[in-house]
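Notes follow once the structure below has been shown.
Proteins get letters first, then strands, A, B, ... in listed order; numbering begins at 1 in each.
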Number of protein chains: 2
Amino acid sequence: MHDRPPTLADVALRAGVSYATADRVVNGRGGVSDKTVRRVHAAVSALGYVRNVAAANLSQQRVYRFVAVLPEGSNAFFARMRDLFEVAAARMAADRVTLAVETVAAFDSDVLRARLDLLAGQGVDGIALVGSDDSSTVEVIATLRSKGIPVVTLVSDVPGSERAAYVGIDNVIAGGTVGRLMMLAHGGRSGRILPVVGALSARDHADRLQGLREVIGGDITLASVIEGRDRHDLVETHVAEALSADPSITAIYSAGAGNAGLIRVVEALPATTPRPIVILHELVAHSRRALEAGLIDIVIDQRPEEEVARVIDGLRQLADRREPVMTAVIVPTIYVRENLPPEHQHTNTGHPAR
Amino acid sequence: MHDRPPTLADVALRAGVSYATADRVVNGRGGVSDKTVRRVHAAVSALGYVRNVAAANLSQQRVYRFVAVLPEGSNAFFARMRDLFEVAAARMAADRVTLAVETVAAFDSDVLRARLDLLAGQGVDGIALVGSDDSSTVEVIATLRSKGIPVVTLVSDVPGSERAAYVGIDNVIAGGTVGRLMMLAHGGRSGRILPVVGALSARDHADRLQGLREVIGGDITLASVIEGRDRHDLVETHVAEALSADPSITAIYSAGAGNAGLIRVVEALPATTPRPIVILHELVAHSRRALEAGLIDIVIDQRPEEEVARVIDGLRQLADRREPVMTAVIVPTIYVRENLPPEHQHTNTGHPAR
DNA sequence: TTGTAGGCGTTATCAA
DNA sequence: TTGATAACGCCTACAA
């Protein structure tokens, strides 16, 4: 009735071999005769043996050491992500897995490279990093992989690289989603969307814009793109100018950061005319408040909570060399005022501590 | 540099007591003098000792036995959920946790009770079940809890009960979200929403309607509610009637199941007039296809994948008597045509196998 | 090519 | 009130 799961000892017994031989077969260590191999395999499937990962790790004193490398700086989104990693790290101590969160200067691939080389020498079992497009990053990932250290790209992929997996959204899909919502919100009427990005050269922003273009149609047009460099001051002035220059604008889509500036513009708009429809990315403190205040309509979010969970799960699987289950890309989630998740406790300010 | 995490032996050594004594203190087994207790606690925090769960479970030959009880029948949503549980169960074999998925006749609390009583006698470590409102269920949960078996309610809560946690969406929030989207889609114009539910007596459906009511305003009104008993044939005829009887209807919100019927009605609508805005619940085969075909606008989904993950994680934590982290309710997710997740492999048909 | 045995960190039993 | 120690299932060094 209450039979415990079979152990390797059970398998060995049934196959009529020693424990060590059964182990050699099961773990493919070689040096076993064909006849024996078959006997052991038969016993394994007859008994339904499944290796006990916990016991295995215990015997090896296996400690998982993972590192997440995030861009440093004052970005609210990555501050949130850092929080999430740290909370997760605390929860995992009892499972003998450590997760260190590091920050490197954003967009400086030399610094990143140096840091990763260092980590490679220190017995790290897996690394998660926010990808960037340059070839230098591709190389580092290849180097790490050759040393047996799997790399998972996070938020932004490094397509040509040997990363084991990408955890993040598809930005074309995200932009397309925004497009659909814009269509819906215009309800067949004509309209003009003002697109705001950090820079058109940024891959993710460009992808989002492309997704938007693919979906909008009918009487909806695009105004010329504003590049706000993800800085709220620049976003503020440029958007304010664009709105006063072109009264036909009915909607704003901000594909990048610096949205505090955009929100200030909307807030300052005269109450006489209906404000434009506003959709932007990432649920952070200021976008949440704007949504609650009715200043903006929709926030499209890449769910950092889910991303963090997947990164950790994925790294663990890779370190265990289990079948990599690694499910598909993250689905961008749509927040309106009514389905906001409960507010979390904020720890990292996003500003460098020192 | 590469120091392994401290073990209880390290703690004992530092506290100047035997291993067994340190164990007694750490696990609160009593029978230790105050002085000693303090010494051990001091050592624990000095060294930063964290109990190694894997080793503990190994020594106890701990095998987690969880059971998920789902309503049987031809509901596509629960078929999907069953799939998800089964996939998760397979993945967990190596971690010595078994998860059996059972189905009981929907809405028959006597059958449910009998099944649960049986399980209680069989050494189950935790149960997930889809709640229903009746007092009988409240009692069973209390009984299980008194036997030390934690219960997690899933999809539908049992508020007055002693369930350890609820994993599911807040249906008022879900309805409110729909309300907001309806407002957005009408863009200030007037409109009339046709609400479709399974039954007004169903708690979740009623909650969704309430959420909707709380948000809509302006020139948006509600037509009288259709009760379709979650049957696609009834939904089909009633919705068709309502639409032809009231041409002022601009939108349909289906808070329940039986949406295949609703979709057929929309499909058959004359192409002369713009079709109504349609929002419904749960991403399943037919709602996905309708979204892709442009027959409906939005699907609001409770993310069964995430629910299953949380149930398992929660049950495990409860069984381990760790701090129950159990995060808040699931946030209903909004799908449009563009952000559909990749289609999954379908296993359970939703129809009883025999 | 095959077998033996000690150790991983914890629990629990038996002694002192 | 305290201490010693045999499991638990697996890995691995060593022996045959």
Side-chain angles (χ1 to χ4, degrees), chain A residues 2-41 43-44 47-64 93-98 319-322, chain B residues 2-41 43-44 47-64 93-98 319-322:
Chain A
H2 250 270
D3 40 16
R4 55 161 183 64
T7 72
L8 233 208
D10 298 328
V11 171
L13 202 66
R14 166 129 184 179
V17 299
S18 78
Y19 183 95
T21 300
D23 170 77
R24 284 190 259 269
V25 174
V26 166
N27 293 307
R29 305 187 205 283
V32 183
S33 75
D34 270 14
K35 223 168 297 183
T36 315
V37 169
R38 274 193 296 276
R39 293 174 60 91
V40 173
H41 278 146
V44 164
L47 297 177
Y49 168 76
V50 178
R51 178 167 168 275
N52 184 332
V53 182
N57 289 347
L58 176 62
S59 78
Q60 294 174 113
Q61 288 178 278
R62 193 151 188 5
V63 177
Y64 297 98
D95 294 319
R96 241 82 302 215
V97 358
T98 61
D320 278 341
R321 286 204 232 78
R322 305 205 209 178
Chain B
H2 251 270
D3 40 15
R4 55 160 183 61
T7 73
L8 233 208
D10 298 329
V11 171
L13 201 66
R14 166 128 184 181
V17 299
S18 77
Y19 185 97
T21 298
D23 171 75
R24 282 190 263 267
V25 174
V26 166
N27 293 306
R29 305 187 206 282
V32 183
S33 73
D34 270 16
K35 223 168 296 181
T36 314
V37 170
R38 274 192 296 276
R39 293 175 57 92
V40 173
H41 278 145
V44 164
L47 297 177
Y49 168 75
V50 178
R51 178 169 167 274
N52 184 332
V53 182
N57 288 348
L58 175 62
S59 81
Q60 289 175 114
Q61 289 180 275
R62 197 157 189 357
V63 177
Y64 298 97
D95 294 318
R96 243 80 300 218
V97 357
T98 62
D320 277 342
R321 286 203 236 80
R322 305 204 208 176

Residue pair B/R4 / B/D10, side-chain heavy-atom distance below 4.5 Å: yes

Beyond-backbone contact of A/L8 with A/R51, side-chain heavy atoms, under 4.5 angstrom: no

Touch class at under 4.0 angstrom, heavy-atom based, for B/R29 against every strand present: sugar-phosphate

Sugar-phosphate, base or nothing in reach of B/L58, heavy atoms under 4.0 Å: base

Residue-level proximity of residues 17-28 of chain B to DNA chain D when a heavy atom falls under 4.0 Å: B/V17, B/S18, B/A20, B/T21, B/R24

Least distance between heavy atoms, A/A54 atom then B/A54 atom: CB-CB, 3.9 Å

Heavy-atom closest pair, residues B/R39 and B/A15: NH2-O, 2.7 Å

Overall bend - the helix from C/dT1-D/dA16 to C/dA16-D/dT1, comparing terminal axes fitted on five pairs, nearest 10 degrees: 40°

Under the ring pair (Phe, Tyr, Trp, His ring centres under 6.0 Å) test, residues paired with B/Y19 that sit two or more places apart: none

Close side-chain approach of B/R24 and B/V40, heavy atoms under 4.5 Å: no

A/A43 to A/V11 - nearest heavy-atom pair and separation: CB-O, 3.7 Å

Side-chain touch A/Y64/A/D95, heavy atoms, less than 4.5 angstrom: no

Covered region of DNA chain C, 5' end to 3' end, by chain A [heavy atoms, under 4.0 Å]: C/dT1 to C/dG9

Side chains of B/N52 and B/T7 in contact at under 4.5 Å (non-hydrogen atoms): no

5' priority, DNA chain D, between B/A55 and B/G16 [closest heavy atom]: B/G16

Minimum side-chain heavy-atom gap B/R14-B/L47 below 4.5 Å: yes

Heavy-atom side-chain contact between A/D23 and A/R29 under 4.5 Å: yes

Opening and closing nucleotides of DNA chain D in contact with chain B, under 4.0 Å to non-hydrogen atoms: D/dT1 to D/dG9

Nucleic acid contacts of residues 31-39 of chain B, taken as heavy-atom distances under 4.0 Å to DNA chain C: none

